[in-house]
Amino acid sequence: MTASVVGGLLSPAVAAATPAPPPAPSPGVGLTQRCGGTSWWAGTTTVCDGTVVYRDYVNDDHGADTGGIGYNGTQRAFGTLAHPAGDQRYAEDRISVADLVRLELSRHGNRINVAAETAALYRPDDTVLALAIDTDGDPMTGGGTWGELDVRSDGWDRLVVLDRGDPDSNTLRGSFPLPTAPRWRVQAVTADAAAGTVMNVAFRGPDEEAQYTLAYAAPSEHPPSGQGAWFEDRQAAALTSGDVSAFGYTVSTEDLRRGVTREPGMHERVYTSDYTVPAVSGPPTESMSYTGVPGRGSGGSTSAFAQVFNLLGRYQPYGVYVPASVTSGSYGLQMEWHGSNQGMVAQINQPGMQQRFGEELGRLLVTPEARGPNGYGSDVSERDLLDVMADVQQALPVDPDRVFSSGYSQGGYITFRMAMLFPDRFAGFTGWVPFTGNDTNGTPVEGTVDVTAGAVGNMIDFAGNARHVPGSMLFGAADELVQAPSAEAMRAAFADAGGSYRWWQHTAADHFTFILHDDWRKEAAYSASQRLVHDPARVTFRTATFLDAPEYGIRHDAAYWVSGIRPRTEQYADTDLTSSGCGIPVVTATPIPGAGPDPVPYVQDGRDVTVTRGPAAARLEGTLANVAELQVDTQRTCLTGAFTYELTSDGPATLTLSDGRVLRLTAGVNRGSLPAPR
């Protein structure tokens, strides 16, 4: 649960030698924006069946950088969001009216039709869309200031202004005469009509910058000028100068069928969610909320860092770093969940992480927004995490055996949560100063006082779920937020859980040491060879109904070959089953203690576990606690024929096999044989 740290600064006192920068971009794998669909690479322009379609970045409508401190400090409630590069603000009843989402140009006879969708349009006259067209194709003629708007550019000789739209569809429409030149350039901006302020510039290309890497130390401290977290650094700089000449698109009247190919690097991608979040008050759900909508994670005995959702609408952005080192085949995928006060760039914008995990390990680095800076990975925030994973795996070739969960602070909590509640999706995990779910873990008041921030679920109670997901945890003995007792408690939980792990306690590190050093060498090396475990002989899985969010289609009721787990009560439900049908498991566990120097001195606890299979035996055994129902896949457990069982349950339970056979268990030890299916 990351607090604020110094934005974009690497203090000389703690700076370590960073790895070499990533290699120069080269053609990537499958990085082409296709027509249709509800997801897109932000900043791309594509010709689709005769229509020029520009898809913009989302939540990039912050205007010029005039030297103010933007959201941070001036409105602390929204200041928990990583700061933007621009510092222009809307009135509360106009948020997002100039956030351009999509701009289309299509020919109809001798006119060009224009359709522009914005993130919000509360009244017909909220937004101004202005287009400057170089109709003669000569950049040396024309140009100047765009009417009453305080922007200018070179070469244009026709200005088209649309100032009325349809609030039901958030769309402005209009048209202009077809230019006479065979090739002509178009530029566009959107402005907050009431303030007359240009907030968003179109046709910026897929390589817009978001140079933000860290939050800043206190509301009084100004973040680095022009470095933001919303993919609008170049836009903010252009609007600060007033000159938007750099941004535009050249249209060919005769040939409108060419697509645009993206290049490797740091990008924004946007998907369309099936869900919106009802605003408590104020603007409709298509916009952002400065103050946010409270979630279930209320903080326990303190409301600091409580759960809140700020991104309410359908269009949800996420950050993607595409390694230049992968030019064929498939990528690994490292989901890098962000910390509090951070957003979709966060760590994946740091050169050391891009080099160690991206270039050297061939992984996409992906950070979802999680519906805001304090989503904590549950409910609609969790829906975002799952949908981003699905979207990126649909957009790019991803090796499903090399998918990883990782994150810093609050993102470390989400690292635990995702790896433990979806263990059959991840090859491994890495958590930096990971919040465990309750700051009183390992302290004398544990169990009597809860300090849970925005967490829904104390992940220290679910360590056993990661039996087959090897992971590393980096803590700091001087951490002022995730303190040493909590770190030690999580170490003990993993020591008892039975899986492979590395626990590193850095004796001189505080909460921000690792992100400031940007040196991830030992954790990257540990995860390099990790691969997803398929159909293990033993499945241990704990769940509870309070973790679920059925209104968002989320139930945590399955792992590997066990599914449909239904608890009898709202308490924890524990499943621990072993099938010997594919071979009797033989487990070897080796303790791995140690110490080392990087990035600061540390002590190490750990264990390596290997599992081999002996001769097959048609047998199912294990225990169930607070489980009313569950299902077992007979193909994946090699129990397709007759088998014996010994199952202990603390109450009545129905175990249904995938071939239709049923075991009805009673409280106590249940032994017997189940004949083969007829």
Side-chain angles (χ1 to χ4, degrees), residues 6-10 18 21-25 28 31 33 40-45 54-67 70-72 81-88 99-100 151 187 189 198-216 222-249 260-270 317-324 336 338 342-355 358-359 364-367 369 518:
V6 179
L9 301 178
L10 187 61
T18 57
L31 301 176
Q33 177 63 48
W40 65 91
W41 292 107
T44 56
T45 306
Y54 169 72
R55 298 167 172 88
D56 198 38
Y57 299 83
V58 175
N59 302 323
D60 62 326
D61 53 326
H62 307 294
D65 174 19
T66 62
Y71 301 133
N72 291 315
L81 281 171
H83 67 77
D87 53 31
Q88 306 303 296
D99 187 6
L100 181 66
V151 294
Q187 298 177 278
V189 302
V198 175
M199 305 291 272
N200 205 165
V201 183
F203 301 117
R204 303 207 305 280
D207 298 314
E208 173 63 281
E209 295 179 338
Q211 298 178 71
Y212 164 92
T213 56
L214 308 173
Y216 59 97
H222 193 301
S225 179
Q227 295 186 10
W230 296 95
F231 287 90
E232 36 108 28
D233 290 6
R234 294 170 61 221
Q235 170 184 270
L239 291 177
T240 301
S241 71
D243 189 344
V244 297
S245 299
F247 306 125
Y249 179 74
V260 174
T261 301
R262 292 173 46 79
E263 296 295 330
M266 183 72 183
H267 303 292
E268 176 184 305
R269 185 167 168 83
V270 182
Y318 61 94
V320 184
Y321 177 77
V322 181
E336 176 63 23
H338 69 69
Q342 293 186 330
M344 61 181 165
V345 293
Q347 285 164 270
I348 68 172
N349 210 22
Q350 294 192 240
M353 174 158 285
Q354 292 173 358
Q355 180 66 24
E359 301 300 336
L364 299 166
L365 307 180
V366 176
T367 298
E369 263 304 316
D518 191 25

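Quick note: residue numbers are just sequence positions, from 1.
Looking at Thr44, its side chain never comes within 3.5 Å of a backbone N or O of Pro206 through a donor-acceptor pair. Of the possible donor and acceptor atoms, one in the side chain of Asp99 sits under 3.5 Å from a partner among the backbone N and O of Asn59. Under a 3.5 Å cut-off, the side chain of Asn349 and the backbone N or O of Ala210 do form a donor-acceptor pair. Remark: the backbone N or O of Met199 is not paired with any side-chain donor or acceptor of Asp61 at under 3.5 angstrom. The closest donor-acceptor contact from the side chain of Glu369 to the backbone of Met344 lies under 3.5 Å. Using modelled atom types, no side-chain atom of Asp65 and backbone atom of Ala236 make a donor-acceptor pair closer than 3.5 Å. Side-chain N or O atoms of Gln354 include one that pairs as donor or acceptor with a backbone N or O of Ile348 at under 3.5 Å.
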Residue pair Val189, Asn200: steps toward the side chain to side chain contact (heavy atoms under 4.5 Å, CB included) verdict: CA-CA 6 Å; Val189 302; Asn200 205 165; over 6 Å; no
Leu365 and Glu336: CA distance, side-chain angles, deciding distance, side chain to side chain contact (heavy atoms under 4.5 Å, CB included) verdict: CA-CA 7 Å; Leu365 307 180; Glu336 176 63 23; 5.5 Å; no
Side chain to side chain contact (heavy atoms under 4.5 Å, CB included) assessment of Thr367 paired with Val345: CA-CA 7 Å; Thr367 298; Val345 293; over 6 Å; no
Stepwise side chain to side chain contact (heavy atoms under 4.5 Å, CB included) test for Gln88 and Thr66: CA-CA 8 Å; Gln88 306 303 296; Thr66 62; 3.5 Å; yes
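For Tyr318, there are no ring pair (Phe, Tyr, Trp, His ring centres under 6.0 Å) partners two or more places apart in sequence or in a different chain. Scanning for side-chain contact (heavy atoms from CB on, under 4.5 Å) contacts around Glu208 gives Tyr57, Arg204, Phe231, Asp233, Arg234, Gln235, with sequence neighbours left out.
Note on ring orientation: taking the six-membered ring where Trp is involved, the planes of His267 and Trp41 are perpendicular (angle over 60°, cut-offs 30° and 60°).
The distance from atom CD of Gln211 to atom CD of Glu232, rounded to the nearest 0.5 Å, is 11.0 Å. The CG atom of Asp60 lies 10.0 Å from the CH2 atom of Trp230; values are rounded to the nearest 0.5 Å.
Put simply, the side chain of Arg55 does not reach to within 4.5 Å of the side chain of Val270, judged on heavy atoms. Residues Trp40 and Val58 form a side-chain contact, since some pair of their non-hydrogen atoms from C-beta on lies under 4.5 Å apart.
Nearest heavy-atom pair across Gly352 and Asp518 is N-OD2, 2.6 Å. Counting all heavy atoms, side chain and backbone alike, Thr45 lies closest to Phe203 at OG1-CD2, 3.7 Å.
Defined by atom type and a distance below 3.5 Å, a donor-acceptor pair is present between the side-chain atoms of Ser245 and Asp243. Between Gln347 and Tyr321, the side chains place no donor N or O within less than 3.5 Å of an acceptor N or O (distance only, hydrogens not considered).
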